[in-house]
Amino acid sequence: MAFLPLCIGDSYSVTSQNGIRLMTFNIWQSGKNVEHGQQKIAKHILLVNPDIVALQEVYANVTRNLTLMLGHPWVAVERNHEYPDTAILTRHVIVPNTNLSTTGGVGAKIMLRTGYMVHFWSLHLDYTSYGPYAANNKLVDRLDQIMAGENVAASGRGPQIYEILNLPMMKKWMEKSDDVPIFIAGDFNGPSHLDWTEQTKKIHGDWVVRWPATKELEENGLTDTFREIYPNVLTNPGITWSTVNKFNPEWNYTIPEPQDRIDFLFYRGPVVPYQIVTYSGCEKPQRIPFHEKNDYPSDHFAVFADYSFM
Ligand SMILES: *[C@@H]1O[C@H](CO)[C@@H](O)[C@H](O)[C@H]1NC(C)=O
Ligand SMILES: *[C@@H]1O[C@H](CO)[C@@H](O)[C@H](O)[C@H]1NC(C)=O
Ligand SMILES: *[C@@H]1O[C@H](CO)[C@@H](O)[C@H](O)[C@H]1NC(C)=O
Ligand SMILES: *[C@@H]1O[C@H](CO)[C@@H](O)[C@H](O)[C@H]1NC(C)=O
């Protein structure tokens, strides 16, 4: 299978009849940090041209703007909370009343125009107590300090995954996953246990960490698409954080920002992934504080992948 250039032109062809292209895209406070941010979000979605996109950092009323800009036949479903934060956009059909909302995101059943069905989640796990900051802090000497944001009851990133996996409807989706694939896409605000290994601990503050969110998904039969296609963490780190944060703003840009892979596309079911790309448009984004005119409107790389149905 031919590989795409990292920069995609308008002419990029649509996915095949028996395939699906999925994208996860944290839209950095709904585009408010760059000029014409919302238009640029829509533009980059159309350039990648996914069948379904998982959005994070979706503010109130922004989904409607985006679907209007994307045009027919794009539709959306948002998380059903006081403000959406996560949304799913698709150029296919969202099956009515199949949407699930949790603290961590929104899920729905989607019927592709090609006849295939999928179950799809857009997640944005809690951002507090970001593990890589603790791991890179020389004053931290215990694993539980690094895990502070992972296992906190209800709000931790691990429990947020547990909540989703234990929804009665999600359990039904899992039972049916031999026929209808499940995709879990999103910004986990945490790295993968597959990346923080003995082999890589030198670049992770000398820590090996079994990050629970990714581990729980693996234990439930979900596969991390990027690490399946690129098993070598050293040659293909797959960094998604960050396009613009190279130095940490909380420390007045004097300390390097840890760069990590925290945006994921997980799958379970009868599909085979054959390509995955971390995407930040065609122009190199300028780092903070020179980001305002960036063509690519996010502080995260988006990730998109192509799968064939079996
Ligand atoms: C925008 O969103 C808020 C909160 O959901 C809602 O109260 C308001 O009516 C919306 N405004 C428009 C113009 O849709
Ligand atoms: C939606 O788009 C309109 C027109 O560009 C803009 O005025 C409005 O602020 C946008 N809404 C939100 C919630 O950003
Ligand atoms: C999402 O679920 C709510 C009920 O929880 C329902 O009112 C709404 O219509 C659903 N949205 C879609 C797009 O199915
Ligand atoms: C951050 O850096 C700026 C510019 O060098 C300086 O003026 C400011 O005092 C610094 N702030 C802190 C809290 O160190």
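Whatever order the structure lists ligands and atoms in, that order sets their numbers, starting from 1. As the structure is a prediction and not an experimental result, all values here were calculated from the model. Worth knowing before you read on, the calculation uses all heavy atoms, side chains too, and leaves out hydrogens, waters and symmetry mates.
One finds a salt bridge joining Glu150 and Arg157 here, because a Lys/Arg side-chain nitrogen approaches an Asp/Glu carboxylate oxygen to under 4.0 Å. Between Asp224 and Arg261 there is a salt bridge, since at least one side-chain N of the basic residue sits less than 4.0 Å from a carboxylate O of the acidic one. In this structure, Glu198 pairs ionically with Lys201, as a charged nitrogen and a carboxylate oxygen lie closer than 4.0 Å. Ionic pairing of Arg79 and Asp85 is not present here: no N-O contact between side-chain nitrogen and carboxylate oxygen is shorter than 4.0 angstrom.
Checked against salt bridge (Lys or Arg N to Asp or Glu O under 4.0 Å), Glu292 has no partners two or more places apart in sequence or in another chain.
Under the 30°/60° scheme for interplanar angles, the aromatic rings of His291 and Trp28 are found to be tilted.
Ligand 2 places these atoms under 4.0 Å from at least one heavy atom of Gln38: 1 (C), 12 (C), 14 (O).
Contact residues of ligand 1 (protein heavy atom closer than 4.0 angstrom to a ligand atom; sorted by chain and number): Ala60, Asn61.
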